[in-house]
Amino acid sequence: MPPKKPAKSPAQNSVQNIVDRCQALFDDLDFTAVKDWKAAHPGAKAIGYLPIYVPREIIHAAGMLPVGILGGGDQLEVIHGDAYYQSYICRIPRSTIELGLTGRLDCLDGMLFPSICDVIRNLSGMWQLLFKDKYVKYFDVPQTYRDDIAGTFYIHELQTLREDLGKMAGRTITDDDLRNSIAVYNENRVAIAELYRLRAVQPWQAPTSEIYLLLRAGMVLPVEEHTQLLADYVTAADQEERPRRDNCRVVVNGVFCEQPPLGLIRSLEMAGCYVVDDDFLLITRWLLDEVPTDGDPLDNLSKAFLHRSAATSAKFEPNKADKGRFLIEQVRNSRAEGVIFAAPSFCDPALLDRPMLQEALNRDDIPFTAFKYAENTGQMQAIREQAGTFADSIKLWSA
Amino acid sequence: MAKAAPQDVIKESSMLKQKEMIDANFKLLSTANEEGRKVSSTFVPGNLNELQMCFDLNCNFPEINALQNGMRKKSGRFIMEAERDGQSEDVCTYVKSDLGMIMQGNIGPTGDKLPDPDVLLLSYTGCFTFMKWFELVREKYDCETIMLHVPYQADGKITQNMRDYVVKQLKEDVIPTLERVSGVKFDIDRLRQYMRQSAKAEEDLVWILQSAKNRPSPIDAFFGGVYYIGPIFTAFRGTEAATEYYSTLRGEIEQRIANGQGPVTPEGDFGKEKFRLVVEGTPNYTNFREFWKMFYDEGAVVVASTYTKVGGVYDFGFRHDPDNPIESLADYCLGCYTNLSLPARIRMLQSYMEDYEADGLLINSVKSCNSFSAGQLLMLRELEKRTGKPGAFIETDLVDPRYFSAANVKNRMESYFQMLEQKSASRAA
């Protein structure tokens with residue numbers, strides 16, 4: 001189904017209209033928004049990327065559209081993709097292959113595969129074999145954090161990407177282009193931070209099922225348009241009167257790569273949980289601060305990555321004492337009462353990390369519960385019951 | 001050819017020598033703490049054995065512990081112990097076997113107590129899970145962790161940026177930390193000396209592996225290969241003992257070639273070679289001998305395997321280079337098999353299929369190792385297309401006995417051998 005165009009009525013910026021638009025973009029597995037953008041920008045290219053982080057600023061600076069590819073969700077019937085994977089491998093690579101083999105990603109001129117796990121890493125090689133006419137890059141990021149060692153490596157990788165995309169665009173990407181794109185993405189980061197602040201303070205005004213759709217819209221829309229959409233939503237949400245429930249406040253952790261079905265997020269909410277922080281679509285909040293817009297842009301992106309980026313299972317934590325600290329800070333800052341670990345089945349990073357994070361929460365007396373899902377999980381009853389019991393236990397037994 | 005009774009397992013003298021070496025390292029480790037010797041824990045792919053010897057470190061290899069426990073039927077209960085402690089049933093069983101063993105007192109496969117490490121040297125090469133593994137192990141010890149991040153060869157080549165990054169980490173982080181932990185000052189000439197030994201052993205190892213181009217092949221390059229790689233993939237690369245081992249092994253194989261003999265199996269000489277296979281993937285260790293028997297009972301010999309390249313790819317020219325020791329260590333780490341892109345792995349397998357005149361390709365896909373397994377079904381298709389040779393695909397696990405179904409594997413292998421036989425017959429007709 002093609003995405004709905006923005007309505008022209010005065011109510012076009014109502015919460016419902018904004019959410020409807022985001023829902024339509026979310027449902028559209030044919031990436032019509034990307035095709036429309038390309039039609040409106042003849043000759044311009046679109047570059048796909050998988051979770052969890054790529055420097056979209058460089059793609060933007062090349063005049064290209066960065067497009068987040070997050071698998072096929074629960075609406076895509078996977079036929080070809082299953083033939084490429086054993087049963088013990090997670091869902092996202094097989095539905096991504098399905099999207100590719102069924103032509104849904106033909107609108108993309110290239111794909112970036114970030115360093116997240118062995119499955120996504122190997123998918124980059126599969127893409128090289130299956131889609132020989134596309135630009136394919138495995139985007140390696142450092143797992144050490146010294147500027148003079150890791151920074152030098154990373155800046156070189158950024159420069160390589162810059163040159164590759166510059167060649168595709170037929171022009172040099174200048175430092176000013178990059179600075180401008182960094183500024184544009186800074187605005188987006190600020191808008192998302194505002195959205196998260198609103199939800200943390202008044203989660204009944206900004207339900208996570210809506211926040212999630214807003215973030216997903218940012219995977220296919222131009223960043224400037226997305227930033228405006230976020231601002232419109234915050235304004236509209238402020239003006240709505242929504243019932244406040246006696247829900248439990250939770251942080252959701254583990255959903256950084258393969259996406260849970262939207263129904264799962266709604267189930268958590270229906271079970272009595274206000275999600276007040278999460279690791280959904282981390283690319284939107286990977287860099288924790290605004291990136292400086294003066295000086296060397298690649299150096300600035302590098303320093304932001306090395307020193308001020310989110311902690312997640314796909315990153316090495318060099319200090320034992322800091323393991324779990326980021327999650328605990330999320331809990332403290334959002335005044336959450338507990339953590340829900342939701343990890344995709346067969347997700348090595350999330351599932352191997354989980355016991356360490358749980359141990360850190362135990363030390364701080366933060367309650368948690370845990371389950372697994374797949375992007376095509378259909379039965380929510382068990383998850384709803386588990387989350388509901390967890391919420392009840394917090395309400396009943398926490399001091 | 002007459003075969004020995006099952007209880008009398010036949011081993012080549014080099015296999016016995018290899019076992020002695022590995023056992024001796026376990027003994028050395030068992031007394032390290034009390035005798036004040038420093039211990040590092042590190043991984044096989046991208047291991048820096050020569051460098052660690054420069055600091056008089058004894059090396060403990062968690063993967064080796066896991067596979068040795070698998071062979072001795074101990075890994076199953078360790079895995080379940082780790083799962084009871086909160087590890088997911090979905091994740092790598094090497095990790096869980098290691099954690100379970102530590103939780104049950106850290107008694108190693110040979111029954112000797114394993115030492116607490118003084119340093120965890122994480123050579124993050126070709127396997128994401130390594131990173132989490134050492135974060136998990138770090139929780140159990142109060143020691144330093146060194147991360148050596150080795151970039152992935154996504155485009156099938158080592159770039160200068162990758163090499164520089166690894167070299168810088170070695171010079172500015174790994175070596176200074178090892179000096180601090182060990183109290184031994186780094187001596188580059190000592191490193192060069194070890195590397196000279198490594199290069200000699202590597203030369204012989206390559207000759208040994210390539211001896212499988214003979215007909216009949218004098219070795220099994222997968223099941224036998226597991227024994228052959230033992231010393232050079234672990235605590236012995238760079239030692240005179242390893243050099244002697246490979247020289248002795250080479251002598252044995254030269255003799256077998258001269259005699260027109262095939263490999264030695266646990267039940268004696270191989271018999272008539274009927275099928276020549278290339279194997280991609282890891283072995284199953286819980287039922288290693290049972291699995292091997294499915295091959296030699298049918299006259300199937302493995303002439304080349306990728307598993308014997310996880311601790312270093314030497315058969316395309318790389319050797320540790322004493323004249324450029326640090327750069328050479330970087331190239332070694334970058335070049336390990338699972339750090340290669342899927343297209344590069346396919347090219348390697350294709351060359352094996354052609355150069356070793358293989359009849360087919362077998363992929364043993366293991367649940368535990370996404371680094372190996374993700375993409376193997378595409379590799380199979382691609383290789384069948386490129387070589388015209390049939391492939392087979394089976395699924396087991398490294399050290400989790402719950403994932404080895406002997407009847408299913410045997411059934412599939414027998415069907416595959418029948419197909420190879422029919423193809424061979426139709427070619428001959």
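A note on names: the letters A, B, ... follow the listed sequences, proteins ahead of strands, and every chain is numbered from 1.
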Interatomic spacing from [atom1] in [X] to [atom2] in [Y] - rounded to 0.5 Å:
X: B:N370; Y: A:Q86; atom1: CG; atom2: CD; answer: 8.5 Å
X: A:T144; Y: B:L148; atom1: OG1; atom2: CG; answer: 9.0 Å
X: A:I149; Y: B:K171; atom1: CD1; atom2: NZ; answer: 11.5 Å
X: B:L377; Y: A:I89; atom1: CG; atom2: CD1; answer: 8.5 Å
X: B:D90; Y: A:L351; atom1: CG; atom2: CG; answer: 5.5 Å
X: B:Y124; Y: A:Q143; atom1: OH; atom2: CD; answer: 5.0 Å

Query raised in the report: Pairs in or reaching into residues 138-147 of chain A: which pass salt bridge (Lys or Arg N to Asp or Glu O under 4.0 Å), with residues at least two apart or in two chains?
Result: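 Passing the test, one end in residues 138-147 of chain A: A:R146-A:D148, A:R146-B:E172.
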Enclosure of [X] [atom1] (heavy-atom neighbours >12, cutoff 6.0 Å):
X: B:D142; atom1: CG; value: no
X: B:Q160; atom1: CD; value: yes
X: B:M80; atom1: CE; value: no
X: B:K157; atom1: NZ; value: no
X: B:R381; atom1: CZ; value: yes

Requested in this report: Pick whichever of A:Y88, A:Y85, A:Y138 has the most heavy-atom pairs under 4.5 Å with chain B.
Outcome: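 Heavy-atom pair counts peak at A:Y88.
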Query raised in the report: Using a cut-off of under 4.5 Å for heavy-atom pairs, which of A:C347, A:A314, A:A343 has the most such pairs with chain B?
Result: A:A314
Query - Those residues that, when tested against B:N411, pass side chain to side chain contact (heavy atoms under 4.5 Å, CB included) (two or more places apart) - result: B:S415
Query - Partner residues of B:S341 under the side chain to side chain contact (heavy atoms under 4.5 Å, CB included) criterion, sequence neighbours left out - result: B:Y152, B:P343, B:A344
Look at [options] and state which one has the largest set of heavy-atom pairs under 4.5 Å with chain A.
options: B:M147, B:K168, B:E135, B:E139; value: B:E135
options: B:S365, B:S371, B:A154, B:S88; value: B:S371
options: B:G86, B:C369, B:P151; value: B:P151
options: B:K367, B:E382, B:R138, B:M379; value: B:R138

Query raised in the report: Any side-chain heavy atom of A:L129 sitting closer than 4.5 Å to one from B:I346?
Result: yes
Report task. Indicate yes or no: at least one non-hydrogen side-chain atom of A:L352 is less than 4.5 angstrom from one of B:M131. Result ->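 Heavy-atom side-chain distance check fails, nothing below 4.5 Å.
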Atom group of [X] that falls short of 4.5 Å from chain A, counting heavy atoms:
X: B:F393; value: side chain
X: B:V166; value: neither
X: B:I146; value: neither
X: B:C127; value: both
X: B:D164; value: neither
X: B:T145; value: side chain
X: B:Y141; value: backbone

Portion of [X] that has a non-hydrogen atom of chain B nearer than 4.5 angstrom:
X: A:L130; answer: side chain
X: A:P318; answer: backbone
X: A:A370; answer: neither
X: A:A83; answer: both
X: A:K320; answer: both

Please report the shortest heavy-atom distance between [X] and [Y], naming the atom on each side.
X: B:G375; Y: A:M126; answer: CA-SD, 3.6 Å
X: B:F128; Y: A:I116; answer: CE1-O, 3.2 Å
X: A:V141; Y: B:H149; answer: O-CE1, 3.1 Å

Requested in this report: Determine which residues belonging to residues 353-361 of chain A lie within contact range of chain B, meaning some heavy atom pair is under 4.5 Å apart, and list them by number or answer 'none'.
Outcome: A:D353, A:P355, A:M356
Query raised in the report: Hey, what's the ring geometry for B:Y165 with A:F153, parallel, tilted or perpendicular (30° and 60° as the breaks)?
Result: parallel
Requested in this report: Go through the steps to decide whether B:L122 and A:F316 satisfy the test side chain to side chain contact (heavy atoms under 4.5 Å, CB included), and finish with yes or no.
Outcome: CA-CA 11 Å; B:L122 168 52; A:F316 180 62; 3.8 Å; yes
Query - Evaluation steps, side chain to side chain contact (heavy atoms under 4.5 Å, CB included), between A:N122 and B:R345 - result: CA-CA 11 Å; A:N122 287 6; B:R345 285 168 61 183; 3.9 Å; yes
**Report entry** Short N-O contact, B:E89 and A:K372, less than 4.0 angstrom
**Finding:** yes
